[in-house]
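Everything below concerns the one structure shown next.
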Amino acid sequence: MIVTRFAPSPTGYLHVGGARTALFNWLLARKTGGKFLLRIEDTDMKRNTATAADQVLKDLKWLGIDWDEGPDIGGPNGPYKQSERRAIYDAYIAQLIDAKKAYYCFDTPEELTELRLAAEKEKRNNIYPRPDVFPSASDVEKAKAEGRPVTVRLAITQTDPIVIEDEIRGTISIEPTELSDFIIQKSDGFPTYHMAVVIDDELMGVTHIIRGQEHLMNTPNHQLLQKALGFRVPKYGHMSVTVSDSGGKLSKRERPKTLKKAIKAMADIDTDALAKAGSITAEELETFLKGKTTPDMPAVDAMAEFAGVHLPEINIVDFFRSGYLPETLVNFFALLGWNPGDGREIMNRDELIQAFDLSRVNKSNSLFDRQKLMSFNTEHLKTTLTPIETLVTHFRAYLEENDSPVAKADDASLERIIRINEGARTLEQIEQKTRFAFLADEAIEYDPKAVKKVLLKGNGLEMLKVVAEALATLKDLTPESIEALLRSLAEEKQVGLGKIAQPLRVAICGNTISPPIFDAVDMLGINAVLKRIENTLTTFQQEKD
RNA sequence: GGCCCCAUCGUCUAGAGGCCUAGGACACCGGGUUUUCAACCCGGCGACAGGGGUUCGAGUCCCCUUGGGGCUACCA
């Protein structure tokens, strides 16, 4: 049975790269009827945060990537947090030391830096100088007494090339002379990533490791470790990386970078208010704009919202907040470096699982194209692709996350809203087009451009009066009856429907963008419609005169 | 610098030596539809990085060059 895993280190939100890695492992497991494990790699005590681990789990769940064993649900090979597996690692490290396959080191960080600098200067690889005689237990005591750090390194004694049979890249061979004895236990007693990952994958029965290209050069080390410990070698597959369409790596830094650029371009922004919006001091804002410091993510997000800047989505939550569907992301990520080979692009989860094949994964890097993502979202937003109940659930979650007034609507209304907005690109667009119906009549904000073009120029206001009179006589209010009424009105007045619909639209929505006008009127209800027309007439009649 | 990986339209890609006059999708441009924004329909633009081989025949195999990426930590 194929067993795959996703092993994030909890240092922040789940990002695009991590989600893609998780997805490929998950697809492989689901396709083959195998198991998919989740393991938290929290051996770096300096970087981990407890909430980050929970957030990663939450993000995966939102994407619909589920696991068969993991920190929250347990399993036969737990615990699934590396910080809770210390005893296991210690035993294997002791085993390697006893067998003289690993040895203690007592170098200070300064000494190691010196070694590295010397190697750089001489233009050679930084290979750690292995002592001829390995330090003994008493040497360890002595070093500790002197206050020196104690670490453990693996002795690399193999002379044959290390061969990686990569499921994606084919055979890769590396000379052992390129490899340095690396640390397997840190001075704080924790194993390094290399040690922990090798032991866990063995003990948890992981058969296939699909990971990013950044791990390719770790693999010889891992294989050496497996050999030294008498473990089996799992199958490896190293995926290409995905880079951002705004240039460079798809990294967290993109959001602050974009914000900084946008703020600098705004000549007349109130910096004090901006700093306040981000809950940072004016000084902090200043150093940020000078490029010296970077505020934390919540501050960046808050300031972006204040300034009305759209930040590039990097983390999975960013896509959620921007109104993308998890179905879209899963579909899109899967196609970044893989394709079914039959030309299909828009696929749901089951189709992806059905079609997935490791041998069709590409080797070349790809660019994250947000426009294509948006087009995918448009497709997944259609009820022909995604069940309406699913769309309603996602829409409600989106509305609640963003504190939208539309969240007041019941499920039946949300369903209707989604249906009449078929063709929208994101949930955000649907929300923007619909929120007019959930605001107080007096809270409508008129778009000056729309007012000028539709109401003040020409006879927009007169038409509005006519429409109001006609609507007031309408008995049963349905989109169909409204349509019939407005159409006959247009005919009677010898004008196009637009001459009637547009003023009405601006009157009830405040701008020229709305769902189809008949639905918009119906949704709002006749009383509110008449009230808003009246408000509009009184507000702009004088302005025109 | 060293080691490793990669290379087809702007982007994601199809392509397993003759099915290639290189196909699709997104984007872009033009047109249609239309009560707005979208969506939708039709059409168009547009690529084998360069150079050597191998072969009757190369986008496909080999080599070199160039370009891009990754790694080079007591981070994962």
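Naming: A, B, ... by sequence-line order, numbering from 1 per chain.
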Quiz item: When we call it a touch if two heavy atoms are under 4.0 Å apart, what does Gly337(A) touch: a base, just sugar-phosphate, or nothing?
Solution: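 It contacts sugar-phosphate atoms only.
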Quiz item: Base, sugar-phosphate alone, or nothing: which one does Arg344(A) contact when heavy atoms must sit under 4.0 Å apart?
Solution: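 Arg344(A): no heavy atom of the nucleic acid under 4.0 Å.
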Holding to salt bridge (Lys or Arg N to Asp or Glu O under 4.0 Å), I want the full list of residues that pass it with [X], two or more places apart in sequence or in another chain.
{"X": "Arg86(A)", "result": "none"}
{"X": "Lys465(A)", "result": "none"}
{"X": "Arg85(A)", "result": "Asp200(A)"}
{"X": "Arg124(A)", "result": "Glu122(A)"}

Applying a 3.5 Å limit to both distances, which nucleotide forms a Watson-Crick or G-U wobble pair with [N]?
{"N": "G46(B)", "value": "none"}
{"N": "C40(B)", "value": "G32(B)"}
{"N": "C3(B)", "value": "G70(B)"}
{"N": "C9(B)", "value": "none"}

Quiz item: Quick one: are the ring centres of Phe356(A) and Phe24(A) less than 6.0 Å apart?
Solution: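 When the ring centroids of Phe356(A) and Phe24(A) are compared, they turn out to be within the sub-6.0 Å range.
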Quiz item: Can you name the residues that form a ring-ring contact (aromatic ring centres under 6.0 Å, His included) with His222(A), not counting sequence neighbours?
Solution: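 So His222(A) forms a ring-ring contact (aromatic ring centres under 6.0 Å, His included) with Tyr193(A), His194(A).
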Exercise. Would you please name every residue forming a ring-ring contact (aromatic ring centres under 6.0 Å, His included) with Trp67(A), sequence neighbours left out?
Key: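 Residues passing ring-ring contact (aromatic ring centres under 6.0 Å, His included) with Trp67(A): none at all.
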Quiz prompt | Within residues 105-128 of chain A or reaching into it, pairs that qualify as ring-ring contact (aromatic ring centres under 6.0 Å, His included) - sequence neighbours excluded | solution =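 Residue pairs with at least one partner in residues 105-128 of chain A: there are none.
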Quiz prompt | Residue list, side-chain hydrogen bond (donor to acceptor under 3.5 Å, both in side chains) with Gln432(A), at least two apart or on another chain | solution =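 So Gln432(A) forms no side-chain hydrogen bond (donor to acceptor under 3.5 Å, both in side chains) with any residue.
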For nucleotides 73-76 of chain B, tabulate all protein N/O to nucleotide N/O atom pairs closer than 3.5 Å, reporting atom names and distance.
unit_1	atom_1	unit_2	atom_2	d
C74(B)	O2	Ser187(A)	N	2.6
C74(B)	O2	Ser187(A)	OG	2.8
C74(B)	N3	Ser187(A)	OG	3.0
C74(B)	N4	Asp107(A)	O	3.0
C75(B)	OP2	Lys186(A)	NZ	3.2
C75(B)	O2'	Asp44(A)	OD2	3.1
C75(B)	O2'	Arg47(A)	NE	3.4
C75(B)	O2'	Arg47(A)	NH2	3.2
A76(B)	OP1	Thr43(A)	OG1	2.9
A76(B)	OP1	Lys186(A)	NZ	2.5
A76(B)	OP2	Tyr193(A)	N	3.3
A76(B)	O3'	Glu41(A)	OE1	2.9
A76(B)	O2'	Ser9(A)	OG	3.3
A76(B)	N6	Asn218(A)	OD1	3.1
A76(B)	N6	Asn218(A)	ND2	3.4
A76(B)	N1	Asn218(A)	OD1	3.4

Quiz item: So, Glu327(A) and Thr386(A): side-chain donor and acceptor under 3.5 Å apart, yes or no?
Solution: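 Their side chains do not contain a donor-acceptor pair, so the 3.5 Å distance test is not met.
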Pairwise [atom1] distance, [M] and [N] [rounded to whole Å]:
{"N": "G18(B)", "M": "A27(B)", "atom1": "C1'", "result": "34 Å"}
{"N": "C20(B)", "M": "U65(B)", "atom1": "P", "result": "35 Å"}
{"N": "A49(B)", "M": "G30(B)", "atom1": "C1'", "result": "31 Å"}
{"N": "C42(B)", "M": "G50(B)", "atom1": "P", "result": "34 Å"}

Name the atoms and distances for all side-chain donor-acceptor pairs under 3.5 Å in residues 497-507 of chain A, with sequence neighbours left out.
unit_1	atom_1	unit_2	atom_2	d
Gln502(A)	OE1	Arg505(A)	NE	2.7
Arg505(A)	NH1	Ser514(A)	OG	2.6
Arg505(A)	NH1	Pro515(A)	O	3.3

Give me, pair by pair, the N or O atoms of the protein and of nucleotides 5-8 of chain B that are less than 3.5 Å apart, along with how far apart they are.
unit_1	atom_1	unit_2	atom_2	d
C5(B)	O2'	Arg169(A)	NH1	2.1

Quiz item: CG of Leu335(A) versus C1' of U11(B): gap in Å, rounded?
Solution: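 Rounded to whole Å, this separation is 13 Å.
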Self-check item: Derivation and outcome, salt bridge (charged side-chain N to carboxylate O under 4.0 Å, His left out), residues Glu114(A) and Arg116(A)
Solution: CA-CA 5 Å; Glu114(A) 224 168 276; Arg116(A) 198 186 67 234; over 6 Å; no
Quiz item: Which letters describe nucleotides 27-50 of chain B, given B = protein heavy atom under 4.0 Å from base, S = only from sugar-phosphate, - = neither?
Solution: S-------BBBBSS----------
Exercise. May I ask you to verify whether the side chain of Glu178(A) and the base of G2(B) hold a donor-acceptor pair under 3.5 Å?
Key: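 By the distance-only test, no, there is no pair.
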